[in-house]
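Step one of this worksheet: look at the structure below.
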Amino acid sequence: MDGVHDMGGMDGFGKVEPEVNEPVFHHRWEGRVLAMSRAIGVFRAWTIDTSRYAIELMAPSFYLTRSYYEKWFLRNQNLLIERGLIDADEVAAGRALRPAKNLSRGPFTLADVEKVTRRGSYGRPAPAPARFKVGDHVRTKNIHPATHTRLPRYARGRVGVVERLHGAHIFPDSVAAGKGEDPQWLYTVRFDARELWGPDAEAKLKVSIEAFEPYLEHV
Amino acid sequence: MELRVRALETILVEKGYVESAALDRIVELYETKIGPHIGAQVIAKAWSDPGFRQALLDDASKAVAALAPHVGNVGDHLIAVENTPQVHNMIVCTLCSCYPTDVLGLPPTWYKSFAYRSRAVKEPRAVLADFGVTLPVETEIRVWDSTAETRYLVVPMRPAGTEGWSASQLAKLVTRNSMVGTGLAKKPSEVA
């Protein structure tokens with residue numbers, strides 16, 4: 001979707017302001033939100049792409065004015081309700097009002113911590129040979145799906161060069177739409193800055209995206 | 001927020017989804033165990049061991065996993081890109097906040113900021129100036145937008161004057177920002 005989350009190349013957000021000696025969490029609740037997000041993962045009620053899409057669907061005014069972990073919190077709470085793991089009246093009451101339905105496994109315990117603090121694998125067997133090889137010139141498609149996509153706006157309809165192949169990966173556009181993993185070849189495609197930003201682009205700049213095969217066509 | 005978050009945790013605990021002690025442990029891990037010191041060890045080894053450097057550039061997930069349990073627990077799809085006098089690499093996620101957490105911990109606020117996400121792909125030299133970094137005009141800047149589940153780690157250039165240093169001495173020169181590409185490794189004089 002052409003949402004406000006797709007920020008590459010936008011102007012007006014000001015300087016980048018690194019914080020000296022920044023703590024990992026600025027408030028205790030931020031750590032709890034992060035930990036709950038990781039822990040709920042073991043119930044496989046949704047995937048990383050679903051969770052990104054849920055944040056993208058937030059109203060632009062909300063997205064732009066709420067903190068990172070506040071958005072995570074709301075995303076978690078909404079998805080937990082939507083997937084039937086908790087109920088809205090329980091959120092209002094601040095406590096459980098009924099037992100969990102269809103609990104697929106026991107609670108997330110200390111023994112589960114290691115598996116959620118290590119990233120999983122998103123690679124899958126390739127369904128077909130790769131259409132492109134390193135060095136190929138490719139054009140990204142000019143597409144504007146109303147649903148989740150990982151092809152950023154600034155890199156649509158642009159000609160670049162395939163720099164790396166990463167094998168086939170879960171296709172976010174499909175999985176976030178509830179249509180299954182539909183694995184696709186994943187490439188690093190490199191663009192010259194002038195292709196992206198025109199003749200006034202910064203000199204000696206190259207930018208790459210990670211592009212799934214359905215985003216690309218031969219030039 | 002504190003109250004709302006506590007209420008949600010209470011519901012999840014009462015319904016039998018999570019144990020609070022396990023959440024405590026996740027917070028503790030990210031506060032004390034999973035952080036940029038892991039990446040710094042990886043970079044220091046790459047600087048001091050040419051075989052490891054090559055293995056890291058060939059397949060970073062595999063190379064870092066081979067160091068476990070000494071340097072932690074790395075997942076798939078980690079890719080190391082090396083800075084040289086000719087090319088400076090910088091990592092961003094314009095769409096959300098993708099970051100190599102296995103080796104650097106949770107991303108700092110600036111990495112997730114709208115300013116960084118919007119500007120890094122368009123005016124990285126100006127962004128570097130916000131970090132107090134100026135590169136020679138002839139250096140190419142290579143920005144990697146993390147739009148999939150691949151995760152990038154920058155191998156900064158080894159500072160001059162560190163010949164003969166041990167890996168543990170070298171690791172002290174490797175900052176988080178130098179592994180994202182918004183900084184350079186420290187000079188020996190900065191850690192003396």
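Each chain gets a letter, A, B and so on, in the order the sequences are listed, and its residues count up from 1.
Proximity to chain B is absent for every atom of K115(A), based on heavy atoms less than 4.5 angstrom apart. Contact of P18(A) with chain B is made through backbone and side chain together, with heavy-atom distances under 4.5 Å. Using a 4.5 Å cut-off between heavy atoms, Y122(A) touches chain B through backbone and side chain atoms alike. Heavy atoms closer than 4.5 Å to chain A are found in both the backbone and the side chain of L23(B). Looking at V137(B), only its backbone comes within 4.5 Å of chain A, counting heavy atoms on both sides. Contact annotation for Y154(A): only side-chain heavy atoms (C-beta onward) come within less than 4.5 Å of a heavy atom of chain B. Contact annotation for T182(B): neither backbone nor side-chain heavy atoms come within less than 4.5 Å of a heavy atom of chain A. For a residue to count as touching a neighbouring chain, one of its non-hydrogen atoms must lie under 4.5 Å from one of that chain's; by this rule R118(A) touches chain B with backbone and side chain alike. Looking at D24(B), both its backbone and its side chain come within 4.5 Å of chain A, counting heavy atoms on both sides. Heavy atoms of T10(B) lying under 4.5 Å from chain A belong exclusively to its side chain. Contacts between S61(B) and chain A at a heavy-atom distance below 4.5 Å are absent for every atom of the residue. No part of I55(A) comes within reach of chain B, as not one of its non-hydrogen atoms sits under 4.5 angstrom from that chain. Residue L74(A) touches chain B through its side chain alone, counting heavy-atom pairs closer than 4.5 Å. Using a 4.5 Å cut-off between heavy atoms, L95(B) contacts chain A through both its backbone and its side chain. At a 4.5 Å heavy-atom cutoff, the contact between A203(A) and chain B is made by backbone atoms alone. For chain B, no part of E30(A) is nearby; none of its heavy atoms comes within less than 4.5 Å. For a residue to count as touching a neighbouring chain, one of its non-hydrogen atoms must lie under 4.5 Å from one of that chain's; by this rule I209(A) touches chain B with backbone and side chain alike. Using a 4.5 Å cut-off between heavy atoms, L3(B) makes no contact with chain A at all.
Interface remark: of the candidates M1(B), E14(B), E123(B), M1(B) forms the most heavy-atom pairs closer than 4.5 Å to chain A. Note on E70(A), R105(A), E19(A), H27(A): by heavy-atom pairs under 4.5 Å with chain B, the leading option is E70(A). Comparing K112(B), E138(B), R6(B), R119(B) by how many heavy-atom pairs each has under 4.5 Å with chain A, the most go to K112(B). Note: Y17(B) leads F131(B), Y17(B), W110(B) in heavy-atom pairs under 4.5 Å with chain A. Taking R98(A), M36(A), R164(A), R95(A) one by one and counting their heavy-atom pairs under 4.5 Å with chain B, the maximum is reached by M36(A). Comparing I34(B), L29(B), I26(B) by how many heavy-atom pairs each has under 4.5 Å with chain A, the most go to I26(B). Between chain A and the residues P108(B), P124(B), S113(B), the largest count of heavy-atom pairs under 4.5 Å involves P124(B). Interface summary for chain A: among V27(B), D76(B), V143(B), the most heavy-atom pairs under 4.5 angstrom belong to V143(B). For the options N76(A), I86(A), T117(A), heavy-atom pairs under 4.5 Å to chain B are most numerous at T117(A). With chain B as partner, the option from I170(A), L196(A), L34(A) having the largest number of non-hydrogen pairs under 4.5 angstrom is L34(A). The most heavy-atom pairs under 4.5 Å with chain B, out of L85(A), V113(A), D49(A), V91(A), come from L85(A). For chain B, the option among S208(A), G8(A), G94(A) with the highest count of heavy-atom pairs below 4.5 Å is S208(A).
Using a 4.0 Å cut-off between charged nitrogen and carboxylate oxygen, K122(B) and E202(A) do not count as a salt-bridge pair. Using a 4.0 Å cut-off between a side-chain N of Lys or Arg and a carboxylate O of Asp or Glu, D112(A) and R25(B) do not qualify as a salt bridge.
Residue Y111(B) holds its OH atom at 10.0 Å from OH of Y68(A), rounded to the nearest 0.5 Å. Going from atom CG of L78(B) over to atom OG1 of T150(B) covers 10.0 Å, rounded to the nearest 0.5 Å. R158(B) contributes atom CZ, which lies 6.5 Å from atom OG of S48(B) (distance to the nearest 0.5 angstrom). Annotation: the span from I48(A) atom CD1 to C98(B) atom SG amounts to 6.5 Å, rounded to 0.5 Å. Atom CG of L205(A) and atom CD1 of I141(B) lie 6.5 Å apart (nearest 0.5 Å).
A donor atom on one side chain and an acceptor atom on the other are not found under 3.5 Å apart for Y53(A) and T47(A). A donor and an acceptor atom, one from each side chain of E181(A) and S174(A), are nowhere located under 3.5 Å apart. H148(A) and E56(A) share a donor-acceptor pair across their side chains, judged by distance under 3.5 Å alone.
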*Evaluate the side-chain hydrogen bond (donor to acceptor under 3.5 Å, both in side chains) criterion for residues E163(A) and T188(A): first the C-alpha distance (whole Å), next the side-chain angles of each, then the deciding distance (0.1 Å), finally the verdict.*
CA-CA 5 Å; E163(A) 184 169 310; T188(A) 297; over 6 Å; no
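A 6.0 Å sphere centred on NZ of K187(B) holds no more than 12 heavy atoms belonging to other residues, nucleotides or ligands. Within a 6.0 Å sphere centred on CZ of R194(A), other residues, nucleotides and ligands contribute 12 heavy atoms or fewer. More than 12 heavy atoms of other residues, nucleotides or ligands shown are found within 6.0 angstrom of CD on E140(B).
Relative ring orientation between H77(B) and H169(A) is described as tilted, the plane-to-plane angle lying within the 30° to 60° band. Below 30°, between 30° and 60°, or above 60°: for F171(A) and Y215(A) the angle between ring planes is between 30° and 60°, a tilted geometry.
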